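These numbers come from a predicted model, not from an experiment. All residue numbers in this chain count up from 1 along the given sequence.
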Amino acid sequence: MFGVLIQANSVYCGIDLTEIKLPEQCVFLGVLRESQVISATANPSIFAGDYILAIAINPMMVPALKVTLKKIHSVYYSLNSCLLEARPTASQSVDSDDSEGITSFNSTYY
């Protein structure tokens, strides 16, 4: 038995436990969240900071189970935050039209 900490960029953030496809001969025991164990039968949603508790019935399946549960997005990803900043480039320009009192912004962000 072991627990895997779910990072903010885990592919499992925001999904239910039963949506995760485990390797053969592996089962979920539950989720550890804030010192409280939630049984797998409750099918909890998974959040960053949770530990997924699982067991490999056959010890040879432990590496496959760990790889499965540690899957992350290739770029930092979180449902709650974005670490990318919108920065104007040198070609940013501001055009104003005094006759209508409207200012339009033509910007390019990368």
Legend entry - Closest heavy-atom pair and its distance - I20, Y12: CG1-CD2, 3.5 Å

Legend entry - Smallest separation among heavy atoms of F2 and V4, with atom names: CE1-CG2, 3.4 Å

Legend entry - Test side chain to side chain donor-acceptor pair (under 3.5 Å) applied to Q25 - qualifying residues, sequence neighbours left out: N58

Inset, instruction - Group every Ile, Leu, Val, Met, Phe, Trp and Tyr by side-chain heavy-atom contacts under 4.5 Å, then state whether I15 and I72 land in the same group. - result: no

Legend entry - CA sep, side-chain torsions, deciding dist, call: D50, I52, side chain to side chain contact (heavy atoms under 4.5 Å, CB included): CA-CA 6 Å; D50 287 350; I52 295 179; 5.6 Å; no

Inset, instruction - Drop me the distance from K71's NZ to I6's CD1, to the nearest 0.5 angstrom. - result: 12.0 Å

Inset, instruction - Provide the closest heavy-atom pair for A48 versus A8 in the form atom of the first, atom of the second, distance. - result: CB-CA, 3.7 Å

Inset, instruction - To the nearest 0.5 Å, tell me how far S10 OG sits from K70 NZ. - result: 11.5 Å

Legend entry - Residues that, via side-chain heavy atoms closer than 4.5 angstrom, fall in one hydrophobic cluster with I55: M1, L5, V27, L29, L32, V37, Y51, L53

Legend entry - Considering all heavy atoms, the nearest M61-C26 contact: CB-SG, 3.8 Å

Inset, instruction - Establish whether V62 and L65 are linked, either directly or via other cluster members, by ILVMFWY side-chain heavy-atom contacts under 4.5 Å. - result: yes

Legend entry - Short side-chain to backbone donor-acceptor contact, N43 and T18, under 3.5 Å: yes

Inset, instruction - Quick one: pull up CG in L17 and OG1 in T41 and give me the separation to the nearest 0.5 Å. - result: 10.0 Å

